[in-house]
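Encoded as C-alpha cells, the structure appears first; notes follow it.
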There are 2 protein chains.
Amino acid sequence: MSHSEAMAVREYIHPDLEGVPLNTALQALADPARIAILRAILASGTGEIACNEISLPLSKGTVSHHFETLRGAGLIRTRVEGTKCLSSVRRQEFDERFPGLMRLVESENSQA
Amino acid sequence: MSHSEAMAVREYIHPDLEGVPLNTALQALADPARIAILRAILASGTGEIACNEISLPLSKGTVSHHFETLRGAGLIRTRVEGTKCLSSVRRQEFDERFPGLMRLVESENSQA
DNA sequence: TGATTAGTTTGATTATTATCGAACAATGAG
DNA sequence: CTCATTGTTCGATAATAATCAAACTAATCA
C-alpha cells in the first residue's frame, strides 16, 4: 500500500450510556475476568491501563475481547497512545446511568 | 409406597446472602427472563407469585429452572402453599448485601 | 527499511447456559 | 382411590459465550 494513501487509524466506538440496556451492563459485569480488569483500572494510579498491563491467565486475543465487551457496555473508554491503547473507567457517566453498580464492583474485594 | 411412610416434603434451599458472591448475583440478573420474573413479583399486589402465574414464552421446565437460579442467588424466597409454590423477593436482605442492585432492576422499565 | 511492540481479527474448539418435552412427584379435590 | 394441578427433574439439543493460536494491522524505533 502506498505511503500517501489514507490509512485507517485505529478508532474505538463508545456508546452513549443512555442507549445501553441494563441487561447489557449486567452481562458485561457477569464475568470474573472483566470484573478483574475493571478493578485493575480502578486500582491503578493513573486511572488508565493498557491491555497488556493486566496479568490474567488468558491469551491476548481473549483479553482484547473482554476489553471490547466492556467498551460496548459503556463501562470503559479507550484511547490510542502511541502503540498502546489506554483504557479508563467511564465512572461518572456510568454512575449517572446505573447508580450504585460500579460501587459494588469496587467494594467487593473478596471472591469473583 | 405406604401411606404412613415418611414422605419427602418439597423443600427449598435459601442461601445466606453473605455467602453469595457478587458474580453469582450479577449472573442471575443477566437474563431477560429472570429480570421479567423479578419485575412481575415486584409488581404483584401481594408480593408473591407462583411459577405458572407469570406468562413467558417458555416451557414450565425452563421457568422452573429460572426460579431455581434466582433462588440460588438469594434473590427470591419460595414457600409451598398447597399445590403451588409462592415466591417473593428477598428485598431487604438483598439490599443490605448489594445496595442499589434491586433498585436498578425495579426502575428500568424499558428494554431488557 | 526492517524489527519490535501492542492490539485486533479470524477460524475453530470448548464450555456454559438456555430450552424443550416427557416422565416424575406431591398436594388437594371429587 | 383417581384425577387434576403445580412444579421438579432428566436427557437431549440448540444457542451463547469464552478461549486459543495464528495471521494481520498500526505505530514506533533503530
Side-chain angles (χ1 to χ4, degrees), chain A residues 1-14 23-37 41 48-73 76-88 112, chain B residues 1-14 23-37 41 48-73 76-88 112:
Chain A
M1 203 181 289
S2 156
H3 189 243
S4 54
E5 265 181 52
M7 193 68 79
V9 170
R10 209 180 304 175
E11 200 54 66
Y12 295 99
I13 294 173
H14 298 102
N23 192 255
T24 300
L26 291 173
Q27 247 172 298
L29 292 171
D31 184 293
R34 290 192 287 266
I35 291 283
I37 291 172
I41 298 177
E48 287 186 313
I49 212 173
C51 272
N52 72 331
E53 284 183 278
I54 181 163
S55 65
L56 288 170
L58 299 170
S59 72
K60 61 179 187 171
T62 301
V63 171
S64 178
H65 158 68
H66 283 311
F67 271 85
E68 163 61 24
T69 300
L70 290 170
R71 211 176 290 127
I76 63 173
R77 163 162 279 124
T78 307
R79 69 187 181 87
V80 179
E81 171 87 4
T83 64
K84 41 178 67 176
C85 306
L86 300 174
S87 294
S88 55
Chain B
M1 201 182 289
S2 157
H3 189 243
S4 55
E5 265 182 57
M7 193 69 79
V9 170
R10 210 179 304 176
E11 199 55 65
Y12 295 99
I13 294 173
H14 298 102
N23 191 254
T24 300
L26 291 173
Q27 248 173 296
L29 292 171
D31 184 293
R34 290 192 286 267
I35 291 283
I37 291 172
I41 298 176
E48 285 186 314
I49 212 173
C51 272
N52 71 329
E53 283 183 278
I54 181 162
S55 64
L56 289 170
L58 298 171
S59 73
K60 60 180 186 170
T62 301
V63 172
S64 179
H65 158 69
H66 284 310
F67 270 86
E68 163 62 23
T69 300
L70 290 170
R71 211 176 291 126
I76 63 173
R77 163 161 280 124
T78 306
R79 70 188 179 88
V80 179
E81 172 88 2
T83 64
K84 41 179 66 174
C85 305
L86 300 175
S87 294
S88 56

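No experiment lies behind these values; they were computed from the predicted model shown. All chains are named by letter (A, B, ...) in the order of the sequence lines, taking the proteins before the strands, and each is independently numbered beginning at 1.
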Please state whether the phosphate of C/dT8, meaning OP1 or OP2, lies under 4.0 angstrom from any side-chain nitrogen or oxygen of A/Tyr12. yes

For B/Asn52 and D/dT5, is the shortest distance between a side-chain N/O and OP1 or OP2 below 4.0 Å? no

Over all heavy atoms of both residues, which pair between A/Ile35 and B/Leu26 is shortest? Give the atoms and the distance, please. CD1-CD1, 4.3 Å

For the residue pair B/Thr24 and B/Gly72, what are the closest heavy atoms and their distance? CG2-O, 4.5 Å

Rounded distance (nearest 0.5 Å) linking atom CG of B/Asn52 with atom SG of B/Cys85: 9.5 Å

Could you tell me whether A/Arg71 contacts a base, only the sugar-phosphate backbone, or nothing, with contacts defined as non-hydrogen atoms closer than 4.0 Å? sugar-phosphate

Rounded interatomic separation in angstrom, taking [atom1] from [X] and [atom2] from [N]:
X	N	atom1	atom2	value
A/Glu48	C/dA6	CD	C1'	16 Å
B/Lys84	D/dT6	NZ	C1'	8 Å
A/Leu86	C/dG7	CG	C1'	12 Å

Heavy-atom side-chain proximity of A/Leu58 to A/His66 below 4.5 angstrom: yes

So do B/Arg34 and B/Ile76 actually touch side chain to side chain, heavy atoms under 4.5 Å? no

Side-chain donor/acceptor of B/Arg77 to backbone N/O of B/Tyr12, under 3.5 Å: no

Are any protein N/O atoms closer than 3.5 Å to N/O atoms in nucleotides 1-4 of chain D? If there are, list each pair with its distance.
none

Can you work out whether A/Glu53 or B/Glu81 has the more 5'-proximal nearest nucleotide on DNA chain C? A/Glu53

Nucleotide by nucleotide, 5' to 3', does protein get under 4.0 Å of the base (B), only the sugar-phosphate (S), or neither (-) in nucleotides 16-23 of chain D, counting heavy atoms? -SSBB---

Could you walk me through whether B/Ile37 and B/Leu56 pass the side chain to side chain contact (heavy atoms under 4.5 Å, CB included) test, one step at a time? CA-CA 9 Å; B/Ile37 291 172; B/Leu56 289 170; 3.9 Å; yes

For B/Lys84, is there an ion pair with B/Glu81 - N to carboxylate O distance below 4.0 angstrom? no

